[in-house]
Number of protein chains: 2
Amino acid sequence: MNARRPATLASLAAELGVSRTTVSNAYNRPDQLSPELRKRVLDTARRLGYPGPDPVARSLRTRKAGAVGLLLTENLSYAFRDPGAVVFLEGLALACEDAGHGLLLVPASPEREDVAAVHRAGVDGFVVYSVPDDDPHLAAVMERPVPVVICDQPNLESIDRVGIDDSHAIKTMAEHLINLGHRRIGVSCMRLARGRNDGIASVQRQANASFHVQKARLTALAEAFSEVGVDWEQVPVVERFDHTTASGASAVNQLLEMDPEITAVVCTSDILALGALDEVRERGRRVPEDLTITGFDGIVEAERAGLTTVRQPILEKGRAAGRLLLDTSEPGRPREVRLETQLVTGTTAASPRSVEERWFGF
Amino acid sequence: MNARRPATLASLAAELGVSRTTVSNAYNRPDQLSPELRKRVLDTARRLGYPGPDPVARSLRTRKAGAVGLLLTENLSYAFRDPGAVVFLEGLALACEDAGHGLLLVPASPEREDVAAVHRAGVDGFVVYSVPDDDPHLAAVMERPVPVVICDQPNLESIDRVGIDDSHAIKTMAEHLINLGHRRIGVSCMRLARGRNDGIASVQRQANASFHVQKARLTALAEAFSEVGVDWEQVPVVERFDHTTASGASAVNQLLEMDPEITAVVCTSDILALGALDEVRERGRRVPEDLTITGFDGIVEAERAGLTTVRQPILEKGRAAGRLLLDTSEPGRPREVRLETQLVTGTTAASPRSVEERWFGF
DNA sequence: TTGAAAGCGCTAACAG
DNA sequence: CTGTTAGCGCTTTCAA
């Protein structure tokens, strides 16, 4: 049992004294041969330990792998550590499941530039989840002669895409804060480029960001606040490479150091915001009384914490990406799915208190 | 760009006037040809839109897919909804990553018996995560001539395995409860067989359970409590098919209905326990004052809730499974990795109060 | 219903 | 350093 390379379709056919076609049909086209013969074939197969047609050989012949490849910026394992990514995966898995396809997670470390894994992947198409414009893995994916769907970023012409209107989404948040009276803010954002930079993100760096989504959000924030007279050049923006709550914590500290007078910290993700929230409270400041903190994504952890944030339908993004990829009818590519977002008014944003209030309490 | 089936290694070779070997070497053995020639090959490839060697054809030839398959009991998407499963996946992904292998999630619904996906999977081996003894998908996996590692269950001779000592683990919990003075308990457990059964699990059903892990835990509980004079036949045990907090909630209700006098509810998973915890508190009972509730697994949500539980190293299980599978040296199979567990004394278990105390408070 | 012929696209000896 | 020879194991017209 479980012997190596025991029998092939050909050897089975020989053993039975029938043609390979017949054996193949026994497995793939039951209606193409008599039930008795089929049974005989299958029985003999069992006896010989023939495990059925080799999937790789079959794939080569049929040009179908029955699997979807997923490429993401991060280490494979990261996908399971980030709540947003997990939900995206769930949605994608749902779509794959429906189509009877497997989901292949392609190992693509952001550090190591090992594109080989992309070349090795036996898949019928790729879903690319939120990678930078200049990602070499993405380039490798694009070379493969299979359909590709990109989620979130980058924003390539001629490629199917699913995402949200980041600019609009964060503007609803900006307006919310502006209406509350905030004019002096700080921004905590995610990685802006492939190179690690944990610190200030200059206006220059913001403009050159290779992560389209982050760039769009920063740009929209700048626009919205500029309109009410804020000089964006003066707004402290800090960037963190790792997407963790620890990053969120250190980022908020840096912001507060750069400008202790800020009344609100806008985070471009819930993870960063949750990290900031914990840190700030731990250091004795009250949220939202002393400081407003907002997030982006709408993950369940954020909801649980009462975070004021922007909710995007992450599960739907995954599902839509999978469907788009697996949809055989091709009604004019490139296609685009743009999902709706929604401002979630939690308990971490309030009007800034006047300086007197801050010093003297109520 | 992105044209269909544009060029093959052979056509490239013809175009260049060299042999296929040379082109192959250009990709796979850079040291086997002059840098100039290699460059010429690669340049021409780019010009012709040749995407590099076809991964499937290569796999067929080399008999390596560069991916490991994962089979689990549940729908693919479930894997991302269950915190324990997510952590397991993370560990497995870590191991795959290290080896540069992809991770293929094989769609295997517990309801639909579609084994085809297992046959289609182009992988170098399978990790099987916690499936019942009689799972048809498992049977299909076993037929494939590739290495297999089983995690948790079932407990097959001749197959590499990673798991914990379930019997010992839950006994530490049983002893803890017994020491606290509990003698009248109820048990909430997970699915015992492939068929859906949301309700009482008779002693008979417990004995016939096809999920080895659950069975081991129940058996060990029965032993431990029998030793102190408890008649296991009288202990209410309820089973839930879906592994959700909602199941945990309904299960605890059913237990309390069956025997309002129980002082502790032992759950065989943290998810069930957390569901029970919420439900019981919502209905006005205090935990642990009025009722003790315990879990199993040690997921972070449990820790956060202060659940008294048994922690098992889930991440390590995933990683160990991956390593075992990918470990090329084969020092005498079948091998087994047995991980340690640890009783976590949280705040949801305490000594049962006497009846008087219950009625009259302190 | 069954069989014969013709590759799918590639790599791995081995010989030059 | 380069080419020749032989398949990997299967499916699929097409004809019998």
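Quick caveat, the model's predicted, so the values are computed rather than measured. We use all heavy atoms of the structure for the numbers below, so side chains are in, but hydrogens, waters and symmetry mates are not. Letters A, B, ... are given to chains in the order of the sequence lines, protein chains preceding strands, and every chain is numbered from 1.
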Which part of the nucleic acid, if any, lies within reach of B:V56 when heavy atoms closer than 4.0 Å are counted: base, sugar-phosphate only, or nothing?
nothing

Taking only Lys NZ, Arg NE, NH1 and NH2, and the carboxylate oxygens of Asp or Glu, determine whether B:R194 and B:D134 approach each other closer than 4.0 Å. yes

Notebook entry, point to check: Do NZ/NE/NH1/NH2 and the carboxylate oxygens of B:K317 and B:D152 come within less than 4.0 Å?
Noted result: yes

Check step by step if side chain to side chain contact (heavy atoms under 4.5 Å, CB included) holds for B:L9 and B:Y50.
CA-CA 8 Å; B:L9 186 145; B:Y50 175 64; 3.5 Å; yes

- Taking only the side-chain nitrogens and oxygens of A:S19, find out if one of them lies under 4.0 Å from OP1 or OP2 of C:dG3. yes

Q | salt_bridge(A:R38, A:E36) N-O dist < 4.0 Å | A | no

- Is any side-chain nitrogen or oxygen of B:Y50 closer than 4.0 Å to OP1 or OP2 of C:dC10? yes

To the nearest angstrom, the CG-C1' distance between A:L16 and C:dG3 comes to 14 Å

Any chance the side chains of A:N28 and A:R58 put a donor and an acceptor closer than 3.5 Å? yes

In numerical order, the residues of residues 34-47 of chain A whose heavy atoms come under 4.0 Å of DNA chain D are none

* Asked: Between the side chains of A:Y78 and A:H243, is a donor N or O closer than 3.5 angstrom to an acceptor N or O?
  -> yes

Identify all pairs in which a protein N or O lies below 3.5 Å from an N or O of nucleotides 11-14 of chain C, and state each distance.
unit_1, atom_1, unit_2, atom_2, d
C:dT11, OP1, B:N28, ND2, 2.9
C:dT11, OP1, B:R58, NE, 3.0
C:dT11, OP1, B:R58, NH2, 3.4
C:dT11, OP2, B:S24, OG, 2.9
C:dT11, O2, B:R61, NH1, 2.2
C:dA12, OP2, B:R29, NH2, 3.4
C:dA12, N6, B:T21, OG1, 3.1

- Query: According to a strict under-4.0 Å criterion, is B:T22 in side-chain N/O contact with OP1 or OP2 of D:dT2?
  - Reply: no

From CZ of A:R63 across to P of D:dT12 the rounded distance in Å is 13 Å

### Query
Between the main-chain N or O of B:A85 and the side-chain N or O of B:D82, is there a donor-acceptor pair closer than 3.5 Å?
yes

In short, salt bridge (Lys or Arg N to Asp or Glu O under 4.0 Å) pairs touching residues 84-106 of chain B with sequence neighbours left out are A:R81-B:E90

Of D:dG9, D:dG3, C:dG3, the nucleotide closest to the side chain of B:L60 is D:dG9

Here the distance between atom C1' of D:dT11 and atom CZ of B:R120, to the nearest Å, is 13 Å

Salt bridge flag under 4.0 Å for residues A:E316 and A:R319
yes

Between NE2 of A:H119 and P of C:dG9 the distance, given in whole Å, is 17 Å

Taken to the nearest whole Å, CD/A:Q32 to P/C:dG3 is 13 Å

